[in-house]
Amino acid sequence: MIEDRLVDLLSEALRIAAPDLGIDDDLPRPELLAPRRRDHGDFATNVALGLAKRVGKPPREVAQAIADAVPSAPFLEKIEVAGPGFLNLFTTDEWLHDALREVADAGEAYGRVDPDGRRAQVEFVSANPTGPLTLGHARNAAIGDALARLLEATGWTVEREYYFNDAGGQMDRFGASVEARFLQLTGRDAQVPDDGYHGAYVEVLARDILDIEGPGLADLGDGERLLRMRAEGMARVLRWIEATLERFGVTFDVYFRESELAAKGEIEAAVERLRDAGAAYDAEGATWFRSTAYGDDKDRVVVRSNGLHTYFGADCAYLVDKFSRGFDRLLYVWGADHHGDVARVKGAAQALGYDPDAVEPLVYQWVSFLRDGEPVPMGKRSGNFIALDQLLEEVGTDAARFTLLLYSNDAAINFDIEAVKRRSMDNPVYYVQYGHARIASILAKAAREGVMLDPIENADLTLLATDAETDLLRGLAEVPELIAYAAELRAPHRVAHASQDLAARFHRFYSGCRVVSDDAELTQARLWLAAGTKQVLANLLALLGVSAPESMERADDDD
RNA sequence: GCCCUCGUAGCUCAGUGGAUAGAGCACCGGUUUCCUAAACCGGGUGUCGCAGGUUCGAUUCCUGCCGAGGGCACCA
């Protein structure tokens, strides 16, 4: 990497200049900055600004001393002292050509790192199977999956896990709702409970159960029938959920049921561990976790006075279970309503003897779904909701995912279904995909005209000399670092923005530079630049779970 | 009341301890004998919510205040 070479060069210069500056040891490692302006060089460093006070000389003087000591290197064209004391570094284009050759060589692997043995689990979606996934789950699914992809690209081995509570009160109310519809269908008198699920899909479930299992289920005893209805309904809803997720480009490795924890006695065991660690105590007939010792504002019940564990009690056991499976990192993707859980889950990890930093809850802000500016209502129990399937039907997986991944997790976003549906300019996903398709079209044209792509070693990449070309090359060269940084920040939106930026650089190049021309040498160089860009655009889109089409239909003018 | 996130261009949002803070949309104008015009080029707008503090340097870090959204159950 050019950055490493430049830092090494600057470190060397610093060592040479150190005696004159009156500093012998403890030399700082110079940091590179990315200047905003072209005439501030390709890279810059503020190392002299930092040293000036210590040395007791003006920053510019320090900078000049370092600049004078920089050994010559083939990749460094010149170095300038600028502004209050920056050193601006101007590189030769050689490293940009290296980057393009690397793209050609690595292909799909460009920007990625080989697995290094570190294992991460990403737990996301985790909606209770009481109904289809809704709009409310869309951002969670998009972020969780994109994070998993990003981690995989940076060396992690990742498991995607879906956790659900298959035995709580919600599921009972769901079971009772299915039961009521089932009984109605078999001509009996029954009512969906007021606090049950009133959506039309419940009747769909009941009808399917009736078709497959027969009316005999109605004759079961009350308790048995409820359990059966709960199980039958849940199994069907889980199949719906899985199908929706597949359509959304998400595949889970593990669907984890809360009941497994209880069945294996893990909840009692976890509570005992907390007690042994002095982090749990009994009061008011319940067992409490001393979460206030870990930054929570009050202690939390883990076992209720009626002997049943709380949701959080199960979380503690689940934490133990996850760690026992050997993960180095546990990521949770949570909506804003869970922010209060962050301190206590990390606290529980610490109390249980784990590294709290290995537990990473990622909280994202809500999405407001709109339709032409009007809020779309949500709420599963009332049945007044829009299924995620319907969103995908209307706007497509690519547009949905890209739009949801375009914003920082910390930003509350407005998702206007009608706007995203439009295949128009205010829809950045098509801008990026169009770039990819355009390149495919160029390559196809070259092939039609019998222009063969020679090995890149034979191409004279120094012919790529216009600003549009070097800007595009630079865009390609920056991708590996971008991916690493986005993964480190757990920020998929950085990838979305980078894909837009790269597409913009390509479109500019396309407008200014004819690729397939009479100049055979230049054609080779530009074809490689185009082919490399196509590859990198596809790689970035893949990290978002968005497809990279070979061709795109022209939009209807009357839309 | 306490906690979390946010407050940047008319709108939607990026971004950063540095040198003149960006993109898209919207608005106006231009570009197609030529590889996809879903494109490109030009035109301008900012007390970076307010006030202090730390720093050589703060929009960025810290504190307080104001405003917006969300959360503060032995529920799930």
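Proteins come first, then strands; the chains are lettered A, B, ... in the order of their sequence lines, and each starts at number 1.
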Should A:Arg38 and A:Asp471 count as an ion pair when the cut-off is N to O under 4.0 Å? yes
Check whether any side-chain N or O of A:Arg54 sits under 4.0 Å from OP1 or OP2 of B:C56, and answer yes or no. no
Given B:C75, B:A19, B:C40, which nucleotide is nearest the side-chain atoms of A:Arg508? B:C40
Pick base, sugar-phosphate or nothing for A:Ala82, based on heavy-atom distances below 4.0 Å to the nucleic acid. base
Cation-pi check for A:Tyr163 against A:Lys322: NZ or CZ below 6.0 Å from the six-membered ring centre and within 45 degrees of the axis, yes or no? no
Tell me what A:Tyr510 touches on the nucleic acid: a base, only sugar-phosphate, or nothing, going by heavy atoms under 4.0 Å. base
Please classify the nucleic acid contact of A:Ile413 as base, sugar-phosphate, or nothing, using heavy-atom distances under 4.0 Å. sugar-phosphate
Taking the C1' atom of each, how far is B:G29 from B:G46, in whole Å? 24 Å
Pick the closest RNA chain B nucleotide for A:Asn88 and for A:Gly169 by heavy atoms, then say which residue is nearer the 5' end. A:Asn88
Classify A:Ala437 by what it touches in the nucleic acid, base, sugar-phosphate, or nothing, heavy-atom distance under 4.0 Å. base
Are A:Glu268 and A:Arg275 ion-paired here, with the side-chain N under 4.0 Å from a carboxylate O? no
When all nucleic acid strands are considered with a 4.0 Å heavy-atom cut-off, which category describes A:Ala52: base, sugar-phosphate, or nothing? nothing
Minimum-distance nucleotide (side-chain atoms of A:Lys53 versus B:A19, B:A39, B:U55): B:U55
Candidate nucleotides B:A14, B:C75, B:A39, ranked by approach to the side chain of A:His507 - the nearest: B:A39
Is A:Arg344 close enough and on-axis enough to A:Phe289, meaning under 6.0 Å and within 45°, for cation-pi? no
Distance in angstrom units between A:Leu406 CG and B:C25 P, rounded: 13 Å
Considering just the side-chain nitrogens and oxygens of A:Tyr431, establish if one lies under 4.0 Å of OP1 or OP2 belonging to B:C40. yes
Which atom of A:Leu476 lies closest to which atom of A:Gly532, heavy atoms considered: CD2-O, 4.1 Å
What is the separation between atom CG on A:Leu527 and atom P on B:C35, rounded to the nearest whole Å? 15 Å
C1'-based separation of B:U47 from B:U59 [nearest Å]: 11 Å
Those residues of residues 286-319 of chain A lying under 4.0 Å from RNA chain B by at least one heavy atom: A:Asp297, A:Lys298, A:Arg300, A:Val301, A:Arg304, A:Ser305, A:Thr310, A:Tyr311
Separation of A:Arg505 atom CZ from B:C40 atom P, in whole Å? 14 Å
Go nucleotide by nucleotide along RNA chain B from the 5' end; which of A:Ala283 and A:Gly83 gets its closest nucleotide reached first? A:Gly83
Pairing donors with acceptors under 3.5 angstrom, does anything connect the side chains of A:Asp341 and A:Tyr332? no
Between A:Arg36 and B:G22, does any side-chain N or O lie under 4.0 Å from OP1 or OP2? no
A:Tyr311/A:Glu258 under side chain to side chain contact (heavy atoms under 4.5 Å, CB included): CA gap, chis, key distance, verdict: CA-CA 9 Å; A:Tyr311 202 70; A:Glu258 197 219 64; 4.3 Å; yes
Taking the side chain of A:Arg494 as its heavy atoms from C-beta onward, which of B:C13, B:G15, B:G70 lies nearest to it? B:G15
Considering only atom C1', compute the distance from B:G17 to B:A58 and round it to an integer number of Å. 7 Å
Take atom CG of A:Asp410 and atom C1' of B:A68, then tell me their distance rounded to the nearest Å. 15 Å
Please tell me whether A:Asp398 and A:Gln433 have a donor and an acceptor in their side chains that are separated by less than 3.5 angstrom. yes
Out of B:A19, B:C40, B:U20, which has the shortest distance to the side chain of A:Arg37? B:U20
Taking atom P in both B:C40 and B:A26, compute the distance separating them and give it to the nearest angstrom. 13 Å
Among B:A39, B:A19, B:C35, the nucleotide that comes nearest once only the side chain of A:Val516 is considered: B:C35
Determine whether the side chains of A:Gln170 and A:Tyr197 contain a donor N or O and an acceptor N or O closer than 3.5 Å. yes
What does A:Gln433 touch in the nucleic acid at a heavy-atom separation under 4.0 angstrom: a base, only the sugar-phosphate, or nothing? nothing
Need one value for A:Ala44: base, sugar-phosphate or nothing, where a base atom within 4.0 Å counts as base even if backbone is also close, heavy atoms only. base
Check every atom of B:C13, B:C56, B:A19 against the side chain of A:Tyr407 and return the nucleotide holding the closest atom. B:C13
What's the closest nucleotide to the A:Ser511 side chain, out of B:A39, B:C6, B:A19? B:A39
If you measure from the C1' atom in B:C28 to the same atom in B:A68, how many Å do you get, rounded? 34 Å
What are the two closest heavy atoms between A:Asn427 and A:Val420, and how far apart are they? ND2-O, 2.6 Å
Locate the shortest heavy-atom distance separating A:Leu87 from A:Ala67; write the atom from each residue and the value. CD2-CB, 3.7 Å
Contact list please: residues 334-350 of chain A against RNA chain B, heavy atoms, distance less than 4.0 Å, in numerical order. A:Ala336, A:Asp337, A:His339
Using Watson-Crick pairs (N1 to N3, plus N6-O4 or O6-N4) and G-U wobble pairs, both distances under 3.5 Å, which stems of at least 3 pairs involve RNA chain B? B:1-7 with B:66-72, B:10-13 with B:22-25, B:27-31 with B:39-43, B:49-53 with B:61-65
Taking all non-hydrogen atoms of both residues into account, name the closest pair between A:Pro84 and A:Pro59 and its distance. O-CB, 3.3 Å
Check the pair A:Arg526 / A:Glu469 against side chain to side chain contact (heavy atoms under 4.5 Å, CB included), numbers first and verdict last. CA-CA 8 Å; A:Arg526 285 181 173 170; A:Glu469 289 164 312; 2.6 Å; yes
When the P atoms of B:C6 and B:U60 are compared, how many Å lie between them, rounded to an integer? 13 Å
Say you pick atom C1' in B:A39 and the same atom in B:G24; how far apart are they, in whole Å? 15 Å
Salt bridge (Lys or Arg N to Asp or Glu O under 4.0 Å) between A:Asp42 and A:Arg474: does it pass, once the steps are laid out? CA-CA 10 Å; A:Asp42 298 294; A:Arg474 195 178 305 273; 3.0 Å; yes
